[in-house]
Amino acid sequence: MNINKYSLSYTVMTAAALLPLGLFFASCHSSHAEDESGTESHSVQVKVIHLQKSQLDASLRLPGEIKPFQFADLYAKVNSYVKNVNVDLGSQVTAGQVLATLDAPEMNTQLLEAQSRLHTKEAMFRASRATYERLLKTSKVPGTISPNDLDMAFEKMSADSAELLSARSSYHEVQQMLGYLVIRAPFSGVISQRNVHPGTYVGPAGKGSDKPLFRIEEQQKLRLSIAVPEVYTEEAHQAEDVRFTVKSLPGDTFSAKVSRVAGSLDVKLRSETLEMDVANKNARLLPGMYAEVQMPLPGKKDVYVVPKSAVVSNSEKVFVIKSVMNKAVWTPVKCGNESNGKIEVFGDLSDDDQLVQNGSDEIKDGTPLQVIAK
C-alpha cells in the first residue's frame with residue numbers, strides 16, 4: 001500500500017513537472033503564429049512606378065529690366081553759353097545731327113592768336129630754309145663758306161621747323177576746341193532728356209556740369225537684362241530663346257534671343273547677368289520697363305525623373321522608397337531640376353526599379369509592401 005501511494009505521488013509530480021513545458025511550447029507556437037499573422041496584417045498597400053531615364057524640360061521665371069541698346073549723356077567740353085537748341089524732349093535724331101550750338105567768344109580770340117603765331121613761324125622757317133639752301137649751294141665752291149657757318153644755318157632751320165610744328169599743333173588744337181561748340185548726335189536715337197535752353201552756361205566743371213545737356217538713347221533695339229541665380233547658371237548657358245511680358249501691355253508676349261552672358265557672378269547677389277537683344281521697331285517697349293521673363297531650362301539627358309510625391313524629405317535625409325521583394329528599402333537621393341510636379345533624382349537607382357509613388361517616412365525601412373494596380 002505504501003508503494004502504491006509512492007508510485008501515485010511520483011506520477012502526479014512528473015505530470016506536474018511536464019505541464020509547464022507543454023504550456024511553454026504551446027505558448028511559443030501561438031506567439032509565432034501571431035507574429036506571422038501580424039506581419040501579414042501590417043503590410044502596406046502602395047502604388048509603384050517603374051523607373052526609366054528621360055529628360056525634364058523646365059522653365060525659370062525671373063524679373064528683367066529693359067534698357068536702351070546704347071545711350072549717351074552729352075556734356076559741354078569747354079566753358080560756354082548755349083546759343084541755339086535744335087531738338088527737344090522726345091525728338092528723333094540721326095547720327096551726326098546738330099543738337100545745339102554753343103558760344104565762347106574767347107575761343108575766337110585764341111584761334112586768331114594761334115593763327116598769327118603759325119604765320120610767324122612759317123615765315124621764319126621759310127627764311128632760315130632759304131638761307132641754308134643758299135649757303136649749301138655756295139659751299140660747293142671750295143673756300144667760299146666755312147663748314148661752321150653751314151652747320152649753324154642748318155641748326156637754325158631745324159629749330160624753326162620744330163617751332164613751326166608746335167605752332168601748327170596749337171592752331172589745330174584751338175580749331176578742335178571750337179568744334180566742340182557744336183553738339184552732334186553720336187548715333188541715331190531719341191532725346192530722352194533735355195536740360196538746357198538758350199543762354200544757359202555750360203562747361204566741363206562747376207555749375208554747368210551738374211546735369212548733361214542731353215541724353216540720347218537708341219530705342220529701335222533694346223536690351224533685356226536678367227540676373228540668373230547661381231544654381232541655374234549651367235542650364236541658362238544652354239538657353240537660346242526667352243519669352244517675356246510687361247505690365248503695361250497685358251496679354252502680349254514678346255520673344256528675344258540670349259545674346260550675351262556675363263561669364264562671372266555678381267559678388268553681392270551671387271547671380272550671373274544675361275542680356276537679350278529685343279527688336280523694337282514699333283516702339284511699343286520703352287527703356288526702364290520691368291519684364292517678367294520665362295526662360296526655358298533644358299534638363300540633363302538620360303536622368304531619372306520621378307513625381308515629386310515619390311521623394312521623401314525629413315530632418316535626416318532625402319530619399320525614395322524602393323520596393324525590393326515586396327519590402328520597403330529607403331534609398332538616399334539628390335534632387336535636380338523640377339517642373340510640373342516632376343523632379344530629377346540621382347542616387348543608387350537602376351532602370352525598372354520599383355519606387356513607391358507616394359512616399360512617406362511613415363513607411364519604415366523594411367516594411368512589407370503590397371503592390372496594388374493603378
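This chain uses plain numbering: 1 for the first residue, then up along the sequence.
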A side-chain contact here means heavy atoms from C-beta on lying under 4.5 Å apart; do [X] and [Y] qualify?
X    : Y    : answer
D149 : S139 : no
N86  : L99  : no
S323 : V46  : no
T200 : L213 : no
K322 : Q354 : no
I66  : V278 : no
L164 : S161 : no
I321 : W330 : yes

field: Criterion salt bridge (charged side-chain N to carboxylate O under 4.0 Å, His left out) against D277, the qualifying member of R223, R260, K67
entry: R260
query: Can you tell which of K247, R61, R243 makes a side chain to side chain donor-acceptor pair (under 3.5 Å) with E292?
result: R61
Counting only heavy atoms not in [X], do more than 12 sit closer than 6.0 Å to its [atom1] atom?
X    : atom1 : result
Q52  : CD    : yes
Y290 : OH    : no
E106 : CD    : yes
F154 : CZ    : no
K156 : NZ    : yes

Do [X] and [Y] sit in one hydrophobic cluster, given that two such residues count as connected whenever their side-chain heavy atoms are within less than 4.5 Å of each other, even indirectly?
X    : Y    : answer
Y81  : V182 : no
F69  : L222 : no
V318 : L349 : yes
V93  : V190 : no
V371 : V356 : yes

task: Hey, could you give me the CZ/CZ distance between F187 and F71, rounded to the nearest 0.5 Å?
output: 8.5 Å
message: Before you tell me yes or no, could you show the steps for D351 and K53 under side-chain contact (heavy atoms from CB on, under 4.5 Å), namely the whole-Å CA-CA distance, both residues' side-chain angles and the distance that decides it to 0.1 Å?
response: CA-CA 7 Å; D351 289 350; K53 288 184 177 180; 3.9 Å; yes
- request: Show your working on side-chain contact (heavy atoms from CB on, under 4.5 Å) between Y180 and L102 and close with a plain yes or no.
  value: CA-CA 8 Å; Y180 289 126; L102 310 179; over 6 Å; no
Under 3.5 Å, is there a donor-acceptor pair between the side chain of [X] and the main chain of [Y]?
X    : Y    : answer
S309 : P307 : no
S166 : E163 : no
E272 : G263 : yes
S43  : Q370 : no

field: V246 and L286: CA distance, side-chain angles, deciding distance, side-chain contact (heavy atoms from CB on, under 4.5 Å) verdict
entry: CA-CA 10 Å; V246 294; L286 299 177; over 6 Å; no
message: Minimum heavy-atom separation for I226 and P63, please, with both atom names.
response: CG2-O, 3.8 Å
- line: Residue pairs passing the salt bridge (Lys or Arg N to Asp or Glu O under 4.0 Å) test with at least one member in residues 172-198, sequence neighbours excluded, are D88-R194
task: Using distance alone, with no hydrogens and no angle criterion, decide if Y171 and Q175 have a side-chain donor and acceptor under 3.5 Å apart.
output: yes
- prompt: Using a side-chain heavy atom cutoff under 4.5 Å and only I, L, V, M, F, W and Y, what cluster partners does V324 have?
  reply: M325, V329
